[in-house]
Number of protein chains: 2
Amino acid sequence: MQQKPTTIKEIAKKLNISISTVSRALHDHPSIGLITRQKVKRMAEEMNYEPNQTAILFQKGKTYTIGVILPELSEDFFSSAISAIEDVANKRNYNVLLAQSHDDQDKEKQLVEKMKNHRVDGLLVSVAKTTSTFEHFDMLKRYNIPVVFFDRVPPLKDIHYVACNMETGSIEAVNYLLKKGHRSIGMINGPATLAASGQRKEGYVKAMLKNRLKFDPSLIVGCDLTESGTIRALDELLDNRRRPTAIVTFNDYVSLYAIRHARKLGIDLASDLDFVSYANLPIINFMDHTPIASVEQFPYVQGQRAADILFDLLNSKSEEGQAAFYKIVIESQLVESPAKKRQDG
Amino acid sequence: MQQKPTTIKEIAKKLNISISTVSRALHDHPSIGLITRQKVKRMAEEMNYEPNQTAILFQKGKTYTIGVILPELSEDFFSSAISAIEDVANKRNYNVLLAQSHDDQDKEKQLVEKMKNHRVDGLLVSVAKTTSTFEHFDMLKRYNIPVVFFDRVPPLKDIHYVACNMETGSIEAVNYLLKKGHRSIGMINGPATLAASGQRKEGYVKAMLKNRLKFDPSLIVGCDLTESGTIRALDELLDNRRRPTAIVTFNDYVSLYAIRHARKLGIDLASDLDFVSYANLPIINFMDHTPIASVEQFPYVQGQRAADILFDLLNSKSEEGQAAFYKIVIESQLVESPAKKRQDG
DNA sequence: ATTCCTCGCACAAACGTTTGCTTGATTTTA
DNA sequence: TAAAATCAAGCAAACGTTTGTGCGAGGAAT
């Protein structure tokens, strides 16, 4: 037989005082005398009282829960982000209601609806790849549920977001390679449709021009991020009449594929070709030949900042000054591979 | 100005009928006439009514939420498991309250407490490495909150769990190597304190004996799962007078470290030394030299099964037959590395 | 000694829903 | 045609907590 949780009602009855007194005593309300307060607390302890959260939440009209919608939990980037979010929420004594969209717009819509019905206090979202319309987020505004987007941010004006600026990282990457003596630097970029591809290219071009080097468009080739696509891209670069001695790739996976292919072609990675990539995922630690550096996008920090902002919004929600929007841009940062030292040594 | 969510009360007032009628109409209760029912539904639609979940949950004393406590969300294994759990819960229209213990017993205790206060309907747990006492879980029984453990399961009798049997996988692994012609097979195992180490060893021994080969204890060395520990272990095995031509390692990481070290020693992995490991993590796809096979532990399946069981318990909770405990053992399974084909070709 | 505060506590409403019971009206049965 | 059965809808309690308001008693101020 399970024991029903104790309620303040029962405490009140046992002590022959009113319910409100018990509630106030437990909250150290000034209008309750010391003696009663202690009596109540002792009794609560004794009866193993635990406040019924659902009742409190209901009463207050708040859930102390934030919703998080991510594309894919099993991806390194997002699992790292959710880890951060969970940590922040926990510190604030908030709960995390988790859901994954599996990169599907319809699923995402459903989830937003569900979150709304669950009356989450706020929402953290990294939008699905397929998401092209954004009305489902507008709805939340009407219910005064703040949303903070991160990493994958919709192209809207009036939103809060945290994102990572790839351009600076891209500049750093090119500068790094130039400093190492490279003069012909190739780039295996992502599909032109992605904003992230544009930022990478911009950084590349800016860095080249700033160093008074001419920008050769044929040294930038796009790819679909698959292994075969990467191989084609690498072949194309290697056939270039100004054959690059270093290549910047869209992400670590592309680097991996390219490195694999290069080795198969018998290219000496120690002397003939350097790679730099983006993401700096844990997989770097497991590759025998790694890019010599990778542009870190700080998933943990992004998650953390996004959560912080959300709590800011929640705490200041009563005030009217809702005109301003948080638009946080985290600068990406080039990180040298620790593995590189091993290669040198 | 935010618009307050519509309540059934408002619908009732607008239609000049009672609250209960509205509630019943929306639930298709038989005692409500067709005309009123339609009127109500139309009005609800029109006023954009959405049931207030927190109110319902409070009223029903259920939260339609399951808690999940995992050691570390950013680890591949667990992010895969949580992904499965989330999927199952979603299908059942349940919510997932997520928390990570960071492998700390105290944190875990706090979280259990928190989950209990939040009145989750059930709990899914993979216990922290440091957890040595388990009273915090007992408490849940008193509140009739069912718990299902998975993967990292406490050594208790009266619990529900899903775990992976490493022994069969271990046997498979050794058989696989024997079939490949290996006669001296080494093992780099984990710390003896872990149950998982014991299972691996058991499987190894059983497979050897079944094949009428003598078991040489000196071919099994323990390690602390770090890179340096792995290197020491490998060195020890290589110095063995019956130098192994194949090695089974505790997990993919250990294999990775060992392979790295072996290559540094100039060992030809194509001909002189084969590795087989456990876990079959995605990192295998990113290693240039991989173990030729890995014992899969099916994190997604484990998460899925555990969640299924929990829902079973939730649905049958009213009945008294709580004497039986689910003890599901998933057989691990040897999986040949796809990368292997690349090596051959 | 009368008025006025302050202190300590109780009363009761409210949050949004569900649901057992009651009531009134209509239809069926005898 | 009266009694019984059926249908449709309303009333009110309940879930556990918070909180605005009321109220009596004791002490201080006048």
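Quantities reported herein were computed from a predicted structural model and do not represent experimental measurements. Numbers restart at 1 for each chain; the letters A, B, ... are given by sequence-line order, proteins then strands.
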- Sorted by position of nearest nucleotide on DNA chain D, 5' first, the leading residue of A:Q59 and B:I35 is B:I35

Mind checking [X] for me? I need base, sugar-phosphate or nothing, with any heavy atom below 4.0 Å counting as a touch.
X: B:I8; result: base
X: A:T7; result: sugar-phosphate
X: A:G33; result: sugar-phosphate
X: B:H29; result: nothing

- Using 30° and 60° as the class limits, which term best fits the ring planes of A:F150 and A:F78: parallel, tilted or perpendicular? perpendicular

- Query: Relative to each other, are the rings of A:Y94 and A:F311 parallel, tilted or perpendicular (30° and 60° limits)?
  - Reply: perpendicular

- Looking at five pairs on each end of the helix from C:dA1-D:dT30 to C:dA30-D:dT1, what is the angle between the two axes, given to 10 degrees? 60°

What is the distance from [atom1] of [X] to [atom2] of [N], rounded to the nearest Å?
X: B:L57; N: D:dG16; atom1: CG; atom2: C1'; answer: 14 Å
X: B:L26; N: C:dT19; atom1: CG; atom2: P; answer: 13 Å
X: B:H27; N: C:dG20; atom1: NE2; atom2: C1'; answer: 16 Å
X: B:K60; N: C:dG20; atom1: NZ; atom2: P; answer: 11 Å
X: B:N52; N: C:dT18; atom1: CG; atom2: P; answer: 10 Å

- Message: Is there a side-chain contact between B:T54 and the phosphate of C:dG16, meaning an N or O under 4.0 Å from OP1 or OP2?
- Response: no

Of the nucleotides [options], which one has an atom closest to the side chain of [X]?
X: A:A55; options: D:dA9, D:dC15, D:dT17; result: D:dT17
X: A:I32; options: C:dC9, D:dT18, C:dG16; result: C:dC9
X: A:I56; options: C:dG8, D:dT17, C:dT17; result: D:dT17
X: A:K9; options: D:dC15, D:dA9, D:dG16; result: D:dC15

- Under 3.5 Å, is there a donor-acceptor pair linking the side chains of A:Q100 and B:S83? yes

- Message: For the residue pair B:Y161 / B:D151, report whether a side-chain donor-acceptor contact shorter than 3.5 Å exists.
- Response: no

- Task: Decide salt bridge (charged side-chain N to carboxylate O under 4.0 Å, His left out) for A:D103 and A:R152; before the verdict, give the C-alpha distance in whole Å, the side-chain angles of both, and the deciding distance to 0.1 Å.
- Result: CA-CA 11 Å; A:D103 268 323; A:R152 302 235 206 115; 3.0 Å; yes

- Contact check, residues 11-24 of chain B vs DNA chain C, heavy-atom distance under 4.0 Å, returns B:I19, B:S20, B:S23, B:R24

- Between A:T65 and A:V96, is there a donor-acceptor pair closer than 3.5 Å when you use the side chain of the first and the backbone of the second? no

For the student: nearest non-hydrogen atoms of [X] and [Y], plus distance:
X: B:L97; Y: B:M115; answer: O-CE, 3.5 Å
X: A:N90; Y: B:K107; answer: OD1-CE, 3.5 Å
X: B:I159; Y: B:K327; answer: O-NZ, 3.0 Å

- Message: Under the criterion of centre distance below 5.5 Å and interplanar angle below 30°, is B:F58 classified as stacked on the base of C:dT17?
- Response: no

- Task: For side-chain hydrogen bond (donor to acceptor under 3.5 Å, both in side chains), just list the numbers for B:T6 and B:N48, CA-CA rounded to whole Å, side-chain angles, deciding distance to a tenth of an Å, and then say yes or no.
- Result: CA-CA 7 Å; B:T6 315; B:N48 229 306; over 6 Å; no

